[in-house]
Amino acid sequence: MTTEPVTGLGSGGALRLPRAWVVPLSAPPATYTTAVDRYLTGAVIANSSARIYRISLTT
């Protein structure tokens, strides 16, 4: 993941982070587990982190 520095300090010198990928939903997910899988598929995180989030969100 890369960051893009802000050229002007008018915004407080913050870094602009890339936005999360949006996974378009063709239909509402049938189950909560499916919704979690779709969300984590679009998240830009490591597979090991996705596994932990999946466990947390489904329990």
Side-chain angles (χ1 to χ4, degrees):
M1 179 185 311
T2 61
T3 57
E4 174 187 327
V6 175
T7 56
L9 294 178
S11 63
L15 295 177
R16 294 178 197 219
L17 297 175
R19 295 182 182 214
W21 295 343
V22 176
V23 179
L25 299 177
S26 56
T31 64
Y32 181 75
T33 303
T34 305
V36 168
D37 286 337
R38 283 187 183 178
Y39 173 77
L40 292 174
T41 299
V44 183
I45 56 176
N47 288 337
S48 57
S49 295
R51 180 180 171 270
I52 299 300
Y53 285 125
R54 184 173 287 109
I55 292 168
S56 298
L57 290 170
T58 56
T59 56

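Just so it is clear, the model here is predicted, and its values are computed rather than measured.
Transitive grouping of hydrophobic side chains (ILVMFWY, heavy atoms separated by less than 4.5 Å) keeps Ile52 and Ile45 in distinct clusters.
Summarising the geometry of Asp37 relative to Arg54, their closest heavy-atom pair is OD1-NE, 2.7 Å, with the distance given to 0.1 Å.
By the side-chain contact (heavy atoms from CB on, under 4.5 Å) test, Leu57 pairs with Tyr32, Val36, sequence neighbours left out. When the salt bridge (charged side-chain N to carboxylate O under 4.0 Å, His left out) test is applied to Arg51, no partner is found at least two apart in sequence or on another chain. In this structure, the side-chain contact (heavy atoms from CB on, under 4.5 Å) partners of Thr31, at least two apart in sequence or on a different chain, are Thr33, Thr34.
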